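When a ligand or atom number is given, it counts from 1 through the structure's own listing order. Position 1 is the first residue of the sequence; numbering continues from there. Values in this document were obtained by computation on a predicted structure and should not be read as measured data.
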Amino acid sequence: MDCIFCKIANNEVLSEKVYEDEKFLAFNDLDPQAPVHVLIIPKEHVKSADEITDKNSDIVGKMFIIAAKIAKEKGLDNGYRIVNNCGEDGGQTVKHLHFHLLGGRKMNWPAG
Ligand code: AMP
Ligand code: ZN
């Protein structure tokens with residue numbers, strides 16, 4: 001399957017890893033929108049948040065735990081933002097489930 005995040009998970013494409021375990025990976029975004037901008041993915045290919053069901057919802061629970069752990073390590077003690085873009089209108093460009101962890105500056109709301 002031609003998926004850039006699967007390739008990153010398989011080490012076919014290089015990334016700046018910040019966290020890895022058997023099932024998940026986190027790496028720096030290529031085009032950072034904040035001083036800290038990390039992407040958190042399951043290694044398993046799940047297309048989007050729209051594919052989360054009762055059977056696989058443990059994936060997103062773990063992704064939140066990993067985000068909080070990285071935020072702590074990066075010193076984001078004043079807060080941070082976790083974003084999931086889902087589908088065309090949500091602005092999803094990579095069709096492999098991911099959370100954006102953004103921090104190190106004050107975020108704007110509502111997001112554009
Ligand atoms: P989204 O628009 O929510 O699908 O987010 C996709 C994100 O992946 C964007 O922020 C891109 O900058 C980022 N991205 C795309 N390719 C790579 C890559 N090879 N390594 C790191 N980040 C990437
Ligand atoms: Zn994938």
Checklist outcome for this item: For Pro42 and Ile59 the tightest heavy-atom approach is CB-CG2, 3.9 Å

Checklist entry - With a cut-off of 6.0 Å (strictly less than), are more than 12 heavy atoms of other residues, nucleotides or ligands near CD of Glu12? => result yes

Next on the checklist: Is Ile8 close enough to touch ligand 1? Criterion: a residue heavy atom under 4.0 Å from a ligand atom.
Outcome noted: yes

Checklist entry - Looking just at side-chain N and O atoms, do Asn85 and Gln92 make a donor-acceptor pair shorter than 3.5 Å? => result no

Item to check | Among the N, O or S atoms of His96, the one nearest the Zn ion (ligand 2) | outcome: ND1

Next on the checklist: So is His100 touching ligand 1 or not, going by heavy atoms under 4.0 Å?
Outcome noted: yes

Checklist outcome for this item: Between Ala34 and Gly103, the two heavy atoms sitting closest are CB-O, 3.6 Å

Item to check | Those atoms of ligand 1 less than 4.0 Å from some heavy atom in Asp31 | outcome: 12 (O)

Next on the checklist: Could you check whether Asp2 pairs with Lys7 (Lys NZ or Arg NE/NH1/NH2 to Asp/Glu carboxylate O, under 4.0 Å)?
Outcome noted: yes

Checklist outcome for this item: Any heavy atom of Leu39 under 4.0 Å from ligand 1? The part involved is side chain

Next on the checklist: So if I count the atoms of ligand 1 from 1 in the order they appear, which ones are less than 4.0 Å from some heavy atom of Phe27?
Outcome noted: 21 (C)

Checklist outcome for this item: Counting heavy atoms under 4.0 Å, the part of Phe5 that contacts ligand 1 is side chain

Item to check | Exercise: identify the closest heavy-atom pair between Arg81 and Asn108 | outcome: NH1-O, 2.7 Å

Checklist outcome for this item: The protein heavy atom nearest to atom 9 (C) of ligand 1 is Asp29 OD2, 3.4 Å

Checklist entry - Which residue holds the protein heavy atom closest to atom 4 (O) of ligand 1, what is that atom called, and what is the gap in Å? => result Thr93 N, 2.7 Å

Checklist entry - What do the steps show when you test Phe27 against Phe5 for ring-ring contact (aromatic ring centres under 6.0 Å, His included), and what is the final call? => result CA-CA 10 Å; Phe27 51 94; Phe5 287 180; 5.4 Å; yes

Checklist outcome for this item: For His45, the N, O or S atom at the shortest distance from the Zn ion (ligand 2) is ND1

Checklist entry - For Ile4, is at least one N or O under 3.5 Å away from an N or O on ligand 1? => result no

Item to check | Proximal atoms of ligand 1 relative to Gln92 (non-hydrogen, under 4.0 Å) | outcome: 4 (O)

Checklist entry - Which heavy atom in Ala26 sits nearest to a heavy atom in Ile70, and how many Å separate them? => result CB-CD1, 3.5 Å

Checklist entry - What protein heavy atom is closest to atom 21 (C) of ligand 1, reported as residue, atom name and distance in Å? => result Leu30 N, 3.4 Å

Checklist entry - Hey, is Asn85 touching ligand 1 through its side chain, its backbone, both or neither, going by heavy atoms under 4.0 Å? => result side chain

Item to check | Parallel, tilted or perpendicular, as decided by the 30° and 60° cut-offs, for the rings of His37 and His100 | outcome: tilted

Item to check | ligand 1-proximal atoms of Asn28, by part, heavy-atom distance under 4.0 Å | outcome: backbone

Checklist entry - Does at least one non-hydrogen atom of Gly91 fall below 4.0 angstrom from an atom of ligand 1? => result yes

Checklist entry - Is ligand 1 less than 4.0 angstrom away from at least one heavy atom of His98? => result yes

Checklist entry - Rounded to the nearest 0.5 Å, how far apart are CD1 of Ile52 and OG of Ser57? => result 7.5 Å

Checklist outcome for this item: Lys43 and Leu25 have their tightest heavy-atom pair at CE-CB, 4.4 Å

